[in-house]
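What you see is a predicted model, and the numbers here were worked out from it, not measured in a lab. Below, each value reflects all heavy atoms present in this structure, side chains not excepted, and no hydrogens, waters or symmetry copies.
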Amino acid sequence: MTTALLSTAEELHARVRHGRRAVVMTMGALHEGHATLIRSAREIAGPDGEVVVTVFVNPLQFGAGEDLDRYPRTLDADLDLAGRAGADAVFAPCADEVYPGGEPQVRVSAGPMGERLEGASRPGHFDGMLTVVAKLLHLTRPDVALFGQKDAQQLALIRRMVRDLNFGVEIVAVPTVREEDGLALSSRNRYLSPDERRTALALSRALFAGRDRHAAQEALCARAREVPSTHARAEALSAIGESRAAADAHAVATAAPGGPAAVRAAARQVLDEAARLDPPLRLDYLALVDPADFTEIGDGFTGEAVLAVAARVGSTRLIDNIPLTFGAAS
């Protein structure tokens with residue numbers, strides 16, 4: 001298929017629409033993670049719909065000392081990848097098209113949730129991100145917009161903005177895409193030297209360690225609940241060792257530290273070890289949060305949670321996260 005390259009909203013609005021328009025917003029330097037988003041958009045839009053990929057490096061979401069100037073710009077390669085993944089059009093506006101009067105005086109505020117974690121590390125980042133997402137939603141007029149779960153806080157804020165400000169668009173989340181060794185795909189991975197990349201693997205290993213600790217604890221608690229409730233049933237099961245196994249699981253589950261504290265501890269151990277590598281990993285934050293507001297969860301928490309990490313390796317800052325569910329077995 002031929003993928004159209006458009007630079008103005010007027011060109012985009014002139015296109016005839018028959019089915020649903022699905023939009024994937026990017027800052028370019030597309031990789032397989034973006035391709036996954038585009039393929040998902042193609043499935044949602046269907047054969048009669050339209051998939052539009054936006055490519056715009058938004059200056060509002062880069063703070064002082066961040067990598068705006070060196071952020072990779074690879075439009076020809078982006079157009080090729082987008083087309084192969086199923087995009088009908090790539091909308092690549094210049095800054096004057098998105099911000100015709102210069103930097104906007106009126107912006108979208110991310111509120112308290114935008115001041116936590118990524119927002120604390122990058123003040124103003126989420127205000128700039130939400131402002132450009134709002135602008136691009138107006139410029140592209142989609143029925144559905146797709147975003148990756150790797151940027152979990154960004155996704156949560158976009159969903160909140162769409163709900164709070166009554167945007168008529170459906171927001172769809174697409175799971176994080178990883179390299180074979182577990183590293184989450186990111187345009188910034190290309191900045192890593194081979195040694196730095198080996199250290200960077202600690203981010204995903206830490207998340208997996210926390211996830212595995214949580215899964216083991218949940219399994220033990222579930223097994224403990226299977227302890228027979230009557231003496232007769234216990235005697236019947238003891239012949240095959242069932243009650244002893246359940247009792248052992250109950251003892252281990254009771255004795256071992258569990259819950260959010262254990263998840264954090266398992267992840268932090270991996271990160272602490274990576275801090276002693278050469279080159280070292282410099283931790284920004286490790287957090288286990290409620291995705292509704294990105295506040296830390298307590299030991300009695302039940303429901304969906306996000307284990308998130310951000311760190312620097314060399315001059316490159318990376319983020320990653322995984323979803324967890326507490327109390328699922330109960």
Side-chain angles (χ1 to χ4, degrees), residues 24-38 53 55-59 61-78 80-82 85 117-122 125-126 128-129 147-155 174-212 266-287 306-322:
V24 175
M25 296 184 189
T26 82
M27 292 206 300
L30 303 189
H31 50 65
E32 181 57 30
H34 297 110
T36 299
L37 284 166
I38 297 166
V53 176
V55 174
F56 180 66
V57 181
N58 177 35
Q61 64 194 74
F62 288 81
E66 294 189 333
D67 57 354
L68 174 61
D69 291 337
R70 71 169 185 146
Y71 195 87
R73 290 156 172 87
T74 57
L75 184 56
D76 289 342
D78 294 344
D80 178 64
L81 183 148
L117 300 186
E118 283 298 291
S121 298
R122 306 175 67 189
H125 166 71
F126 285 127
M129 179 276 295
F147 296 90
Q149 289 181 342
K150 186 178 83 71
D151 297 298
Q153 193 171 2
Q154 168 180 285
L155 172 62
V174 177
T176 300
V177 179
R178 299 183 180 278
E179 303 273 10
E180 289 186 4
D181 56 12
L183 186 68
L185 286 178
S186 169
S187 300
R188 290 185 169 93
N189 289 352
R190 68 185 66 195
Y191 299 153
L192 298 169
S193 70
D195 288 342
E196 289 171 343
R197 196 182 186 288
R198 282 190 287 272
T199 296
L201 291 175
L203 273 77
S204 56
R205 287 204 305 265
L207 296 178
F208 298 157
R211 177 198 62 191
D212 293 346
R268 184 167 289 277
Q269 181 178 351
V270 176
L271 297 170
D272 288 345
E273 292 171 357
R276 296 189 289 270
L277 296 176
D278 183 20
L281 180 142
R282 302 193 304 279
L283 182 65
D284 189 343
Y285 63 76
L286 172 69
V306 173
L307 180 61
V309 63
R312 287 188 180 276
V313 182
S315 61
T316 304
R317 187 175 184 275
L318 300 170
I319 63 172
D320 201 354
N321 72 86
I322 55 171

Revision key, fill the gap. Nearest heavy-atom contact between Asn321 and Lys150 is ND2-O, 2.7 Å
Review point. Do Gln153 and His125 touch side chain to side chain, with heavy atoms closer than 4.5 Å?
Key: no
Exercise for review: Give, for atom OG1 of Thr176 and atom CG of Leu185, the distance between the pair rounded to the nearest 0.5 Å.
Suggested key: 9.5 Å
Review point. Does the side chain of Leu283 come within less than 4.5 Å of Val309's, by heavy atoms?
Key: yes
Check your understanding: Rounded to the nearest 0.5 Å, what separation is found between the OG atom of Ser186 and the CD atom of Glu179?
Key -> 10.5 Å
Exercise for review: For residues Leu117 and Ala287, report the shortest heavy-atom separation together with the two atoms involved.
Suggested key: CD2-CB, 3.7 Å
Review point. Between Met25 and Phe56, is any pair of side-chain heavy atoms under 4.5 Å apart?
Key: no
Check your understanding: Measuring from Thr74:OG1 to Asp80:CG, what's the distance to the nearest 0.5 Å?
Key -> 10.5 Å
Review point. Hey, what do you get for CG (Leu37) to CD (Gln149), rounding to the nearest 0.5 Å?
Key: 10.0 Å
Check your understanding: Got a second to check how far Asp151's CG is from Ile319's CD1, nearest 0.5 Å?
Key -> 4.5 Å
Practice item. Write down the atom of Ser204, the atom of Leu183, and the distance for their closest heavy-atom approach. Key: OG-N, 4.0 Å
Review point. Do Leu318 and Asn189 have side chains that get closer than 4.5 Å, going by heavy atoms?
Key: yes
Practice item. Drop me the distance from Leu207's CG to Ile322's CD1, to the nearest 0.5 angstrom. Key: 5.0 Å
Point to revise | Minimum side-chain heavy-atom gap Phe208-Val270 below 4.5 Å | key: no
Review point. If you take all heavy atoms of Val53 and Ala82, which pair is closest and at what distance?
Key: CG2-CB, 4.3 Å
Review point. Can you name the nearest heavy-atom pair linking Glu196 to Val313, along with the distance?
Key: O-CG1, 3.4 Å
Review point. Under the 3.5 angstrom rule, does the side chain of Thr199 hit a backbone N or O of Pro279 as a donor-acceptor pair?
Key: yes
Exercise for review: State, with a plain yes or no, whether a side-chain heavy atom of Leu307 is found less than 4.5 Å away from one of Leu286.
Suggested key: yes
Review point. Under 3.5 Å, is there a donor-acceptor pair between the side chain of Arg73 and the main chain of Tyr71?
Key: yes
Revision key, fill the gap. Nearest heavy-atom approach of Ala202 to Ala274 is CB-CB, 3.4 Å
**Study point:** Under the ring-ring contact (aromatic ring centres under 6.0 Å, His included) test, residues paired with His31 that sit two or more places apart
**Key:** His34
